[in-house]
Amino acid sequence: MELLIKGARVVDWSQDFYGDVYIKDGIIDEIGKDIKKDCKIINGQGKVLMPAFIDLHVHFREPGFTYKEDIESGSRAAVRGGYTAVNLMANTNPVCSNMEIINGVLTKGREVNLVDIHQVASITKDFDGKTISHIDSLDDRVRIISEDGKEVMNSNIMLNAMLKAKAKNITVMCHCENDELIEENTRLAENTMTWRNVTLAKYTGCPVHIAHVSTKEAMEYIIEGKKTGHKITCEVTPHHIALTDEVNYRVNPPIRKKEDVKFLIDCIKEGLIDTISTDHAPHTLEDKLKGAPGISGIETSFSICYTKLVREEGLSLNKLSELMSKNPSGIMGMNKGEIKIGLEGDVVLVDIEKQCEIEVEKFMSKGRNTPFSGMKFYGEILKTIKSGRIVYDNVEEEQK
Ligand code: DOR
């Protein structure tokens with residue numbers, strides 16, 4: 001199978017030029033100008049070709065909560081958002097705590113065959129907050145463990161989990177929210193747990209990734225940890241950088257103040273934040289009305305981040321590509337997220353001049369829970385290409 005994308009503006013973390021990209025047998029085979037091939041050709045003129053996006057933080061809810069999302073609907077939503085690789089959280093039912101359940105998810109992902117699926121294992125078995133012996137039996141398909149959705153409250157258990165993870169070269173992804181303080185003050189809850197997890201990361205030397213950072217103080221603890229040369233990475237979500245607490249929408253951690261948002265954006269500019277992850281958290285309307293936290297975000301992230309960070313804040317498209325493709329790939333232990341000969345042909349064609357309204361009726365996700373509904377952003381995903389195969393085509397959607 002061959003595919004040639006011609007005349008696009010080709011942008012990844014390290015390059016920005018006008019030219020052609022030729023994908024053969026799923027692999028990027030040639031990059032240059034005036035490439036001529038007798039194969040399917042996509043006219044990229046006036047469009048931007050980037051590495052497809054990679055999402056480190058996603059909830060596809062299978063097994064157990066497939067009425068909210070399943071691997072198929074989630075994968076369709078992912079490609080509509082320009083993603084070809086996702087890292088799924090373990091807060092399923094049963095919880096992803098052993099290889100049998102994880103293998104089930106990976107097998108289903110391969111059957112659906114739209115995106116690379118990586119499955120996180122829980123830090124404690126079945127989220128019981130105390131048992132970590134299951135970590136020993138995880139095989140090398142698991143690169144990250146996380147209790148996302150909640151926190152491992154016992155610091156000694158977290159310490160020992162980090163030691164086990166380090167020995168297996170696994171990254172611990174931390175959902176920093178202190179249950180004991182959450183009723184008192186969500187900010188205090190995030191700050192204290194971020195400090196604890198950064199401190200444990202320094203002590204153990206375990207690679208730690210801090211999920212959905214939302215406060216200035218939490219970010220300051222992370223910066224301090226990074227400065228001391230420890231393996232600490234972090235992410236922000238599109239909603240935590242595009243909204244302020246004037247918007248009343250339930251998500252964990254909460255949408256914060258203007259000053260926090262400004263600080264996080266400055267940190268992105270300074271290269272202190274490693275990735276943008278969506279925390280795609282689909283819920284039904286009914287569950288949302290009962291107070292379920294979260295945003296269905298994988299279909300809207302590029303346009304929100306492009307509009308907010310590149311158009312409004314002057315970030316380069318190279319940097320956005322690094323945050324959405326190159327860096328998450330590295331943290332997940334993959335070799336992709338760049339447009340480079342020899343890498344998998346996972347790319348996305350976008351129209352950065354087109355402004356679109358977010359219409360939840362068009363979502364492929366089962367979750368239509370978003371505070372961005374009806375808002376307009378620049379940057380439309382036109383085609384998502386996985387290993388040289390078109391897995392999402394906006395033109396077809398427009399014709400329906
Ligand atoms: O708002 C959230 N929803 N934050 C999380 O960390 C978990 C997620 C979910 O699973 O719904």
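On a predicted model such as this, the values are computed, not experimentally measured, just so you know. Starting from 1, each residue takes its place in the sequence as its number. Start at 1 and go down the list; that is how both ligands and their atoms are numbered.
Not a single heavy atom of K68 sits less than 4.0 Å from an atom of ligand 1. Within the 4.0 Å heavy-atom shell around ligand 1 one finds H283. Using a 4.0 Å heavy-atom cutoff, M89 is absent from the residues neighbouring ligand 1.
For ligand 1, the atoms sitting less than 4.0 Å from at least one non-hydrogen atom of H175 are 5 (C), 6 (O), numbered in the order shown with element in parentheses. Within ligand 1, the atoms closer than 4.0 Å to a non-hydrogen atom of A281 are 3 (N), 8 (C), 9 (C), 11 (O), numbered from 1 in the order shown. Heavy-atom contacts of H212 reach the following atoms of ligand 1: 6 (O) (cutoff under 4.0 Å). Of all atoms in ligand 1, numbered sequentially from 1 with element shown, those under 4.0 Å from a heavy atom of V251 are 1 (O). Which parts of ligand 1 touch D148 is read off a 4.0 Å heavy-atom cut-off, strictly below it: atoms 5 (C), 6 (O), 7 (C).
Side chain of R61 to main chain of G74: no donor-acceptor pair is present (N/O by atom type, distance under 3.5 Å, no hydrogens or angles). When atom types are taken as modelled, the side chain of K33 and the backbone of Y18 share a donor-acceptor pair closer than 3.5 angstrom.
Selection from K150, H280, R61 by nearest heavy atom to atom 11 (O) of ligand 1 gives R61.
Under 3.5 Å, the side chains of S296 and T370 contain no donor-acceptor pair of N or O atoms. Side-chain contact check for E235 and N327: no donor-acceptor pair (N or O, by modelled atom type) lies under 3.5 Å. Between Y83 and S301, the side chains place a donor N or O and an acceptor N or O closer than 3.5 Å (distance only, hydrogens not considered). Using modelled atom types, one finds no donor on one side chain facing an acceptor on the other under 3.5 Å when comparing N87 with H118.
Under 4.0 Å from ligand 1, not a single heavy atom of H239 appears. When heavy-atom distances to ligand 1 are checked against a 4.0 Å cut-off, D279 comes that close only through its side chain, counted from C-beta outward.
A ring pair (Phe, Tyr, Trp, His ring centres under 6.0 Å) with H212 holds for exactly one of H175, H280, H239; it is H175.
Protein heavy atom at the shortest distance from atom 1 (O) of ligand 1 is N252 N, 2.9 Å.
Here's the thing with P293: one of its N/O atoms is less than 3.5 angstrom from an N/O atom of ligand 1.
Between Y306 and F302, the ring-plane angle classifies as parallel under the 30° and 60° cut-offs.
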Apply side-chain contact (heavy atoms from CB on, under 4.5 Å) to T192 and R196, showing your working. CA-CA 6 Å; T192 50; R196 183 201 74 174; over 6 Å; no
